[in-house]
Amino acid sequence: MPVPVHVLVLGGTTEARRLAESLAGDRRVRVTTSLAGRVASPTFPPGDVRVGGFGGPDGLAAWMREHDVDALVDATHPFAATMSRNAAEAAARAHVPLLALRRPGWAAQDGDRWHVAGSLAEAAELLPALGERVFLTTGRMGLAAFAGTDLDALWFLVRSVDAPEPPWPARMEVLLDRGPFDLAGEREIIRRYRLDVLVTKDSGGSATAPKLLAAREARIPVVVVRRPPVPEGVPVARTPDEAVRWVRRLYASG
């Protein structure tokens, strides 16, 4: 029987898990998912799993050579720009084909009051003119962007999976929760905390999208942080099924 194609999936997203589930049932494929280890209680996908960093592109390239990796799929969060750059560099050095798996971003709908920002710092600059009680849903990383003294008059509800670490906004409350979230729950949060502006990253997907509809219904502005681009020259799959077809073409041509 031919040696299975070894696919390394840089994971941590729903799409990465679904890809691993699809590939794990194929005897022609061996799948290893790498998790960064930033979440306290991750959900492990099927197949082999490793947890922790690689030590930059050199470390990732060396790991792929040592473990005979035939293909690399970058299925990290759309905002994991450093990891995506490392993946592109490592794939080129190790001569391993690379695919980026990226769920589509969100699109504004009728009634939305979106303000697009290029970064968390730019999002913070927009806030004083938009509201006073901020629903901050950008995760626990990057709170320093909202810790400036020019934002001390604002109050923040910070939602994240794990507890954040300082620096953070001067006036805030932390809500520890993990998606998916439903519309009724998001409506209630906006009502209970009297929120008048939402800040989110353009993560895409359905797990956290209900907050956008709740904000539209409440007629509150939304600051949307634009996602970084995929490294130049890296092909992109928008769904796990597209990524599966890409992998199958590799072993079909092997």
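Atoms considered below: every heavy atom in the structure, side chains included; atoms not considered: hydrogens, waters and symmetry mates. Just so it is clear, the model here is predicted, and its values are computed rather than measured.
In plain terms, the two heavy atoms of Leu183 and Glu217 that are nearest each other are CD2-OE2, 4.1 Å. Taking every heavy atom of both residues into account, Ala124 and Ala145 meet most closely at CB-O, 3.3 Å. The two residues Pro210 and Asp182 make their nearest non-hydrogen contact at CB-C, 3.8 Å. Heavy-atom minimum distance, Leu35 versus Gly12: CD2-N, 3.5 Å. In terms of heavy-atom proximity, Ala123 sits nearest to Val225 at CB-CG2, 4.0 Å. Here the closest heavy-atom approach between residue Pro228 and residue Ala81 is recorded as CG-CB, 3.8 Å.
Annotation: side chain of Val161 is not in contact with side chain of Arg140 (no heavy-atom distance under 4.5 Å). At least one side-chain heavy atom of Pro221 sits under 4.5 Å from a side-chain heavy atom of Val197. Using a 4.5 Å heavy-atom cutoff, the side chains of Asp202 and Pro78 are not in contact. Contact check for Phe54 versus Asn86: no side-chain heavy atoms found under the 4.5 Å cut-off. Side-chain contact between Arg65 and Arg93: present, with at least one pair of heavy atoms (C-beta onward) separated by less than 4.5 Å. Between Leu151 and Pro169, the closest side-chain pair of non-hydrogen atoms is not below 4.5 Å. Between Tyr251 and Asp26 there is a side-chain heavy-atom pair separated by less than 4.5 Å. Two residues are said to be in side-chain contact when any heavy atoms from C-beta on lie closer than 4.5 Å; Val174 and Pro164 meet this criterion.
There is no path of hydrophobic side-chain contacts, each under 4.5 Å, that joins Val73 to Val230. By the criterion of side-chain heavy atoms lying less than 4.5 angstrom apart, applied directly or through intervening Ile, Leu, Val, Met, Phe, Trp or Tyr residues, Leu136 is not grouped with Val222; the two fall into different hydrophobic clusters. In terms of hydrophobic clustering, with Ile, Leu, Val, Met, Phe, Trp and Tyr side chains grouped at heavy-atom distances under 4.5 Å, Trp168 and Leu176 are assigned to a common cluster. Val234 and Leu10 fall within the same hydrophobic cluster, where Ile, Leu, Val, Met, Phe, Trp and Tyr residues are linked whenever their side-chain heavy atoms come under 4.5 Å apart, directly or through other members. Leu213 and Phe135 fall into different hydrophobic clusters, where Ile, Leu, Val, Met, Phe, Trp and Tyr residues are linked whenever their side-chain heavy atoms come under 4.5 Å apart, directly or through other members.
Judged by distance alone, with hydrogens and angles left aside, the side-chain atoms of Arg113 form a donor-acceptor pair with the main-chain N or O of Arg219 at under 3.5 Å. Looking only at distances, no side-chain donor or acceptor of Arg85 sits under 3.5 Å from a matching main-chain atom of Pro231. With Gln109 contributing its side chain and Ala107 its backbone, the two residues share a donor-acceptor pair below 3.5 Å.
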Checklist line | Verdict with reasoning, Leu250 to Asp70, per side chain to side chain contact (heavy atoms under 4.5 Å, CB included) | finding: CA-CA 9 Å; Leu250 291 179; Asp70 299 295; over 6 Å; no
Margin query: Under the criterion side chain to side chain contact (heavy atoms under 4.5 Å, CB included), I'd like the reasoning laid out for Leu157 against Arg133: C-alpha separation, chi angles, the key distance, then a yes or no.
Written below: CA-CA 8 Å; Leu157 178 67; Arg133 298 182 64 82; over 6 Å; no
Next item on the list: Show your working on side chain to side chain contact (heavy atoms under 4.5 Å, CB included) between Leu23 and Val7 and close with a plain yes or no.
Entry: CA-CA 9 Å; Leu23 295 178; Val7 180; 4.2 Å; yes
Next item on the list: Could you walk me through whether Thr200 and Trp106 pass side chain to side chain contact (heavy atoms under 4.5 Å, CB included), step by step?
Entry: CA-CA 11 Å; Thr200 183; Trp106 292 314; 3.7 Å; yes
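The distance from atom CG of Leu8 to atom CG of Asp48, rounded to the nearest 0.5 Å, is 10.5 Å. Interatomic distance, Glu125 CD to Asp150 CG, rounded to the nearest 0.5 Å: 8.0 Å. Put simply, CZ on Arg171 and CZ on Phe156 are 9.5 Å apart, with the number rounded to the nearest 0.5 Å. Separating the CZ atom in Arg18 from the CZ atom in Arg103 is a distance of 9.5 Å, to the nearest 0.5 Å. We find the OG-CZ distance between Ser119 and Phe79 to be 10.5 Å, quoted to the nearest 0.5 Å. Separating the CZ atom in Phe146 from the OG1 atom in Thr138 is a distance of 5.0 Å, to the nearest 0.5 Å.
The pair Arg191-Glu188 meets the salt-bridge criterion, with a side-chain N (NZ, NE, NH1 or NH2) lying under 4.0 Å from an Asp/Glu carboxylate O. Salt-bridge annotation for Asp112 and Arg216: present, with a side-chain N of the basic residue lying under 4.0 Å from a carboxylate O of the acidic one. Between Arg102 and Asp74, at least one side-chain nitrogen of the basic residue sits less than 4.0 Å from a carboxylate oxygen of the acidic one, meeting the salt-bridge criterion. Using a 4.0 Å cut-off between a side-chain N of Lys or Arg and a carboxylate O of Asp or Glu, Glu186 and Arg159 qualify as a salt bridge.
For Arg17, the side chain to side chain donor-acceptor pair (under 3.5 Å) partners at least two apart in sequence or on another chain are Glu21.
Here the options are Leu120, Val134, Leu198, Leu130, the test is side-chain contact (heavy atoms from CB on, under 4.5 Å), and the partner is Val223; only Leu130 passes. Tested against Val9, the residues Leu72, Leu19, Val247 include a single side-chain contact (heavy atoms from CB on, under 4.5 Å) partner, Leu19. Thr32 pairs with exactly one of His67, His6, Arg50 by the side chain to side chain donor-acceptor pair (under 3.5 Å) rule, that one being His6.
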